[in-house]
Structures are given as structure tokens and as C-alpha cells.
Amino acid sequence: FFFLMIRRPPRSTQSRSSAASDVYKRQVSTQSTWGDTFMVTVTRKLGLTVVLVVLLLEVGTAVRLRASNQLSEREAKKPVVDYYYESLCPYCKKVLAKSILPAITKIKDWNQYVELNLVPFGNAHVFPEGDSFRFTCQHGSAECQGNMVQACVLAKLPTQQGILMAGCIEKGKGHRWGELAEGCAQSLNLVDKFKPIQDCYEGNEGKILLAKHAKKQLSNNPKPNYVPWVNVNGDHTESLENSIEDNFEAFICKASDGKADGCDQSTTRVVKAKVQTGSFKADNLEKLRRLKKSAIPSKKGLASHVENAEDFDDDDEDEDENYDDENRDDEREDQSEDHEDDRDDNEDLDNEDDE
């Protein structure tokens, strides 16, 4: 009996085993529930983070698109100003020095509101010679070289730097254009960009660029018959021309509705008042206004040497040379008188500026 009792399993073994199994199951169930809760929480947080990131990206994209659309609208609306000039024209120099350069120096973001293109050609003639070109200019070969140097400067540099350097060259004294250009490159910290400019005007590239300026100028309708000549969006009016020549800063502020960096309310009010009256006359520039009309050297004007803007015509070369031979002496006398008048006017203006 004792032996049987020993070998007989306890009555509570099965119960204890069942109880232990229940405890284990409950532990596993508890661990599983905690894990599920953790994963759900993490998933929700990650989901919220993703949603927030997506929303931020969408907002950023919308802001960029809006800014891009505003910039595109501004680009589409901004006026395009073409300034036609020649390197030895006294009034052209005056407009660059007194109106254009101060404006683009003061208003840093001017090119967001106005597109300005300088076109150095003026009252000149162009003739094809093989794969190159030959030029004659109102004030002689020195002016042709000056036009060519500035054409290279404007082509090889960004807009702001190109206009500043061209204006610097125009303000220089003498006709040693290469030295003037190199000096301006130094003063404007553009020495590292000077070599391509030099190679341009010393080679055939400069002639090709100047011929492109001739083509652009002579494709206008009406064609410029004096310099400086100003077009706005391809159109020419005296009032717009005078406004830009006298006060380009005010023109920029008007184009930007006073939003350009450097415009103030007083400038904008002055612009609006003068635009409404159609008068942009500046007293210290009015004396030089008459020099424009004396700028035409040829009896036919600029249109005589290029009948088609897409193709230069050689037929007029002989006629022009005959005309030049017959009238060279008279023109030299006229130019001498004009230069004397220019010096007198410049002296008067310098005195007015000093006062």
C-alpha cells in the first residue's frame, strides 16, 4: 500500500500544471498585448510625422510655385529698354554717367523690373569682307574701335558687370580703348575676366559682335536717325526716351511700383507726376539735347548701308565711298565745329554740376 501510495501521482499535480499553464498563457498574452500597443503607438506617430512632412513639402512647393509665378509675371511685364549709342558721342557719355550708371548702382535689383540692353553702334556703316566686316564711324576709326571693345565687354560679362564696365570705359579720357578697358577691369575687380574680352576685340569675334549690333539697330522701324536713341519694348517715343535719359532711377522705380530696393515714396511720387505730364526734362541736360540732331553724317542716314536687316548689302559701298570722297572736307569742318560746341557745352555742364 505504501509502495502504491508512493507511485501514485499526487492529486493536485494536474491542477498545478493547469494553473502554471494558465499563468504562462496570461504572461504571453500580456507581453503580446504590450507589443501590439507599442507597435500601434509607433505606427501612429510615424504616420503623423509622415503626414506633417508631406504637408510641409506641399506648402513649400506651393510657396515656390507662387513665387515662381510672380517672378514669371514680373518678367513678362517688365519693360525692355534698348539704348543705342556710339563711343565718342558726348551726349551718350553724359546719359551713361549721369542717369544709367547711378541708377543701376543704387538699385541693386533693378534687372528684376527692367531689362536694359546697351547697343554700341550709332551712326556707323558696316560692310562685309569675306567672313569678317569693315566699319566706318561718324567720329572716325577710333570710335569704331571703342564700339567694338564695348561690344566685347557686354558680350563677355553678366549684364550688371558689363554695363558698369562699358560705362567706366565711356567715362575715360582718350581713345586708347584697350588701356581704358584694362584699367576699368582693375577698378571693378574683373581682372580675371579681362583676357576673354581682350581676345574678343583683338580678334575677329569683336567685328562679328559689332555687326550683330548693327543688324539689331538697323532692324528697327523707324530706324534710329540720331544717338542716343532709346526704345522701350521695341517702340520709340520722345517722352519715354527723355525719361530714361534724364532719370533712369525714376523709370525703374515707376516700373517696379516703388518695390525695387532703393526706391522711396518721394521718388515714386515724382515719377508718377512727371509721367502724367509727359515731361522728364532735366535743366542740366537740356543744353545737350540739341547735339542729337547733328549726329547724322550721311545724306541717306543709317538705312543706306543695310537694306535688309538679315543680309548686309555690298551695293551701297561704292556709292557711299564716292559720297565720302566728295564731302569728307565738309564733314571734317562740321565735326570740328561740333567738337568745339561739345567742349563748350561740357564745360557749362561741369560748371553747373560744381555749383
Side-chain angles (χ1 to χ4, degrees), residues 81-106 110 116-124 135 137-190 193-194 197-198 200-201 206 209-210 213-214 216-217 224 226-230 241 244-249 251 282 284-285 287-289 291-292 294-295 335 338-339 341-343 345-347 349-350 353:
V81 177
D82 296 320
Y83 180 74
Y84 298 91
Y85 71 106
E86 57 192 18
S87 60
L88 292 180
C89 164
Y91 188 73
C92 299
K93 291 175 178 285
K94 200 73 176 179
V95 171
L96 278 170
K98 298 294 185 182
S99 181
I100 294 177
L101 293 183
I104 68 172
T105 301
K106 178 182 177 181
W110 65 271
L116 174 62
N117 303 308
L118 300 191
V119 186
F121 185 72
N123 300 304
F135 304 92
C137 297
Q138 179 182 7
H139 299 100
S141 60
E143 183 168 71
C144 293
Q145 183 65 19
N147 292 342
M148 190 183 307
V149 169
Q150 293 182 50
C152 289
V153 166
L154 295 167
K156 297 298 181 181
L157 295 175
T159 302
Q160 175 84 359
Q161 294 177 346
I163 296 175
L164 289 176
M165 187 166 175
C168 174
I169 294 172
E170 279 292 277
K171 291 195 294 185
K173 296 181 179 180
H175 302 160
R176 296 182 177 180
W177 301 108
E179 294 180 5
L180 290 173
E182 186 173 6
C184 288
Q186 292 176 354
S187 64
L188 295 171
N189 296 320
L190 298 172
K193 299 180 180 181
F194 177 69
I197 296 173
Q198 185 179 26
C200 174
Y201 66 73
L209 287 173
L210 190 56
H213 284 305
K216 178 178 175 65
Q217 177 173 311
Y226 58 81
V227 287
W229 179 278
V230 180
E241 181 176 77
I244 291 169
E245 292 177 357
D246 294 345
N247 195 338
F248 189 49
E249 176 188 342
F251 181 86
N284 65 331
L285 290 177
K287 287 186 177 181
L288 285 176
R289 189 80 70 194
L291 292 178
K292 290 179 176 180
S294 64
Q335 289 179 6
D338 288 341
H339 291 165
D341 292 339
D342 294 345
R343 283 194 295 271
D345 289 329
N346 286 329
E347 290 176 0
L349 287 170
D350 289 338
D353 292 340

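Computed from heavy atoms alone, side chains included, the values below leave out hydrogens, waters and symmetry copies. Counting begins at 1 with the first residue of the sequence.
The pair Lys98-Asp246 does not meet the salt-bridge criterion, since no charged nitrogen lies less than 4.0 angstrom from a carboxylate oxygen.
Between Asn117 and Val81 the shortest side-chain heavy-atom distance does not fall below 4.5 Å.
Scanning all heavy atoms of the two residues, the minimum distance from Leu180 to Gly172 falls at CD2-CA, 3.9 Å. Between Phe248 and Ile100, the shortest heavy-atom distance links the atoms CD2-CA, 4.1 Å.
For the side chain to side chain contact (heavy atoms under 4.5 Å, CB included) with Leu164, the qualifying choice from Val153, Leu101, Leu190 is Leu101, the only one to do so.
A donor and an acceptor atom, one from each side chain of Trp110 and Gln160, are located under 3.5 Å apart.
Side chain of Ser87 to backbone of Gln150: no donor-acceptor contact under 3.5 angstrom is found. Side-chain atoms of Lys93 come within 3.5 Å of backbone atoms of Glu170 as a donor-acceptor pair (strictly under, hydrogens ignored). Not a single donor-acceptor pair under 3.5 Å links the side chain of Glu143 to the backbone N or O of Cys137. No donor-acceptor distance shorter than 3.5 angstrom exists from the side chain of Thr105 to the backbone of Pro102, with no hydrogens or angles considered. Side-chain N or O atoms of Gln145 include none that pairs as donor or acceptor with a backbone N or O of Gly178 at under 3.5 Å. Using modelled atom types, no side-chain atom of Tyr85 and backbone atom of Val95 make a donor-acceptor pair closer than 3.5 Å.
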